[in-house]
Amino acid sequence: MEWRYENGELAVRPDGPFSAAETLFCGQCFRWRQTADGFEGIAHGRALTLRERQDGTVLLTGLEESDVPLFLHYFAFDEDYAALQRRLQRSKRLAECIRCAPGIRVLHQDFFEVLLTFIISQNNNIPRITGIVARLCEGFGAPLAGGGRAFPLPCDLADRTVEELAFLRAGWRADYLLDAARKVASGEVGREKLARLATPEARALLMTIRGVGPKVADCVLLYGLERAEVCPMDVWMKRAMARRFPRGMPLCARDCAGVAQQYIFHAERTSFRPQGGPG
DNA sequence: GACCAGGCGTCTT
DNA sequence: AAGACGCATGGT
């Protein structure tokens, strides 16, 4: 992977395939939107834009030079997906996933943001999740220089009440969001503490938060803590896909295939072998 | 209008 | 331990 930072613009040539649309709109993150010539979004407290050049170069604006390593990691540009996909092609199922959505990468997102957005995601759909997340940030996030607002910090939410969260129209999840914010703000649950725990204990600690069950906990471990080795997410997706497609998954159901792919990527990359998984 | 959405907490057996 | 059910809201 090569990159160059010049005149406030970061130009990256990723190793292996990358598709911004597949990566940003497959349901792993909720703060990006398409624009006339590319994409704009907010991540790790920065408002940035992304454009893809014909030659595969990815152009990012809105970053300081000191942000470069963080965002190379955010987009997984510091990982060799070409080599990864070569290994995965040996599995028929994974080969099909790659064919359906070859440019997906698993983003490395902020822990607290992942925790709250996947609490919001329960029994919910992506358009509505996106709306709730947008209102959450608009209502409680810090204004950013480049426009928009950061994702709220735990302390931005910990002292609120469910009544103050009513405008989110998040339903019963408002109560869960507050419990999560309070437990993180108090230090009862946090990235560092979770990182020190073995994964079963980390999952159990996450599940002390109201509204965090095994599915949300695994999403947080996977997306927010880079702890995919115990996340049999393809098992979760098998359930979801079985519900949506009782007669079998269509070959090009991009949303499902893409999401399954990113889960499986992590499972494979970390040598995890599903052994029944949850349930 | 129904039905459902990338669950979870609670209440039953 | 496992199943049923309600939960608030909005998209289809």
Side-chain angles (χ1 to χ4, degrees), chain A residues 22-33 93 97 100-101 104-107 109 113-139 160-183 189 203-225 227-228 230-250 252-267 274 276-279:
Chain A
E22 288 175 3
T23 298
L24 299 175
F25 301 131
C26 67
Q28 63 175 321
C29 61
F30 302 92
R31 298 213 68 200
W32 285 87
R33 70 180 194 92
R93 178 161 174 239
C97 287
C100 286
I104 283 190
R105 293 195 177 219
V106 178
L107 298 172
Q109 303 181 67
E113 178 170 341
V114 169
L115 174 62
L116 263 55
T117 55
F118 280 88
I119 287 174
I120 292 168
S121 81
Q122 68 180 70
N123 192 246
N124 215 338
N125 53 67
I126 290 176
R128 184 164 172 247
I129 296 164
T130 304
I132 293 170
V133 170
R135 291 189 288 277
L136 179 67
C137 296
E138 189 57 36
R160 307 291 173 163
T161 64
V162 283
E163 290 77 20
E164 291 176 285
L165 267 60
F167 75 99
L168 298 177
R169 285 169 280 154
W172 73 85
R173 304 171 192 84
D175 179 51
Y176 300 162
L177 296 176
L178 288 179
D179 192 54
R182 286 166 186 159
K183 285 196 165 76
V189 179
R203 176 189 282 114
L205 180 57
L206 282 167
M207 287 175 62
T208 63
I209 297 169
R210 274 185 67 79
V212 176
K215 167 66 161 57
V216 172
D218 277 357
C219 284
V220 174
L221 288 167
L222 172 63
Y223 293 119
L225 291 163
R227 280 286 204 95
V230 298
C231 292
M233 295 306 291
D234 60 332
V235 175
W236 292 115
M237 287 315 296
K238 278 180 194 166
R239 291 182 179 180
M241 287 188 282
R243 277 198 303 274
R244 285 178 65 168
F245 308 111
R247 298 178 56 82
M249 185 182 73
C252 271
R254 163 166 294 193
D255 56 344
C256 285
V259 174
Q261 180 194 16
Q262 51 179 290
Y263 294 157
I264 296 164
F265 269 8
H266 267 273

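Chain A is the first sequence line, chain B the second, and so forth, proteins listed ahead of strands; every chain is numbered from 1.
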Expressed as a whole number of Å, how far does the [atom1] atom of [N] sit from that of [M]?
{"N": "C/dA4", "M": "B/dC4", "atom1": "P", "answer": "15 Å"}
{"N": "C/dA8", "M": "B/dC11", "atom1": "P", "answer": "16 Å"}
{"N": "B/dA5", "M": "C/dG6", "atom1": "C1'", "answer": "15 Å"}

Subject >> Atom pair CG (A/Leu205) and OG1 (A/Thr208), whose distance is rounded to the nearest 0.5 Å >> reply: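 That separation rounds to 5.0 Å.
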
Give the rounded distance in Å between these two atoms: [atom1] of [X] and [atom2] of [N].
{"X": "A/Asn123", "N": "C/dC5", "atom1": "CG", "atom2": "P", "result": "15 Å"}
{"X": "A/Asn124", "N": "B/dG7", "atom1": "CG", "atom2": "P", "result": "9 Å"}
{"X": "A/Asn125", "N": "C/dT12", "atom1": "CG", "atom2": "C1'", "result": "9 Å"}
{"X": "A/Asp179", "N": "B/dG9", "atom1": "CG", "atom2": "C1'", "result": "12 Å"}
{"X": "A/Ile132", "N": "C/dA8", "atom1": "CD1", "atom2": "P", "result": "13 Å"}
{"X": "A/Ile209", "N": "B/dG9", "atom1": "CD1", "atom2": "C1'", "result": "15 Å"}
{"X": "A/Trp172", "N": "C/dC7", "atom1": "CH2", "atom2": "P", "result": "10 Å"}
{"X": "A/Gln122", "N": "C/dG6", "atom1": "CD", "atom2": "P", "result": "17 Å"}

Subject >> Under-4.0 Å side-chain N/O to phosphate OP1/OP2 contact, A/Arg173 with C/dA8 >> reply: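 Result: no.
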
Side-chain donor-acceptor distances from residues 162-170 of chain A under 3.5 Å, at least two apart:
residue, atom, partner, partner atom, Å
A/Glu163, OE1, A/Thr161, OG1, 3.2
A/Glu164, OE1, A/Thr161, N, 2.9
A/Glu164, OE1, A/Thr161, OG1, 3.4

Is there a side-chain contact between [X] and [Y], using heavy atoms and a 4.5 Å cut-off?
{"X": "A/Val216", "Y": "A/Ile209", "answer": "no"}
{"X": "A/Gln109", "Y": "A/Phe30", "answer": "no"}
{"X": "A/Thr23", "Y": "A/Gln28", "answer": "yes"}
{"X": "A/Tyr223", "Y": "A/Leu107", "answer": "no"}

Original post:
Is there a donor and acceptor pair closer than 3.5 Å between the side chain of A/Arg128 and the base of C/dT9?
Top reply: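 A donor-acceptor contact between them is present.
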
**OP:** Would you sort out whether A/Arg173 and A/Asn123 count as a side chain to side chain contact (heavy atoms under 4.5 Å, CB included), showing the intermediate values?
**Re:** CA-CA 10 Å; A/Arg173 304 171 192 84; A/Asn123 192 246; 4.3 Å; yes

Between protein and nucleic acid, restricted to nucleotides 10-13 of chain B and to nitrogen or oxygen atoms under 3.5 Å apart, what atom pairs and distances do you find?
residue, atom, partner, partner atom, Å
B/dT10, OP1, A/Arg210, NH1, 3.3

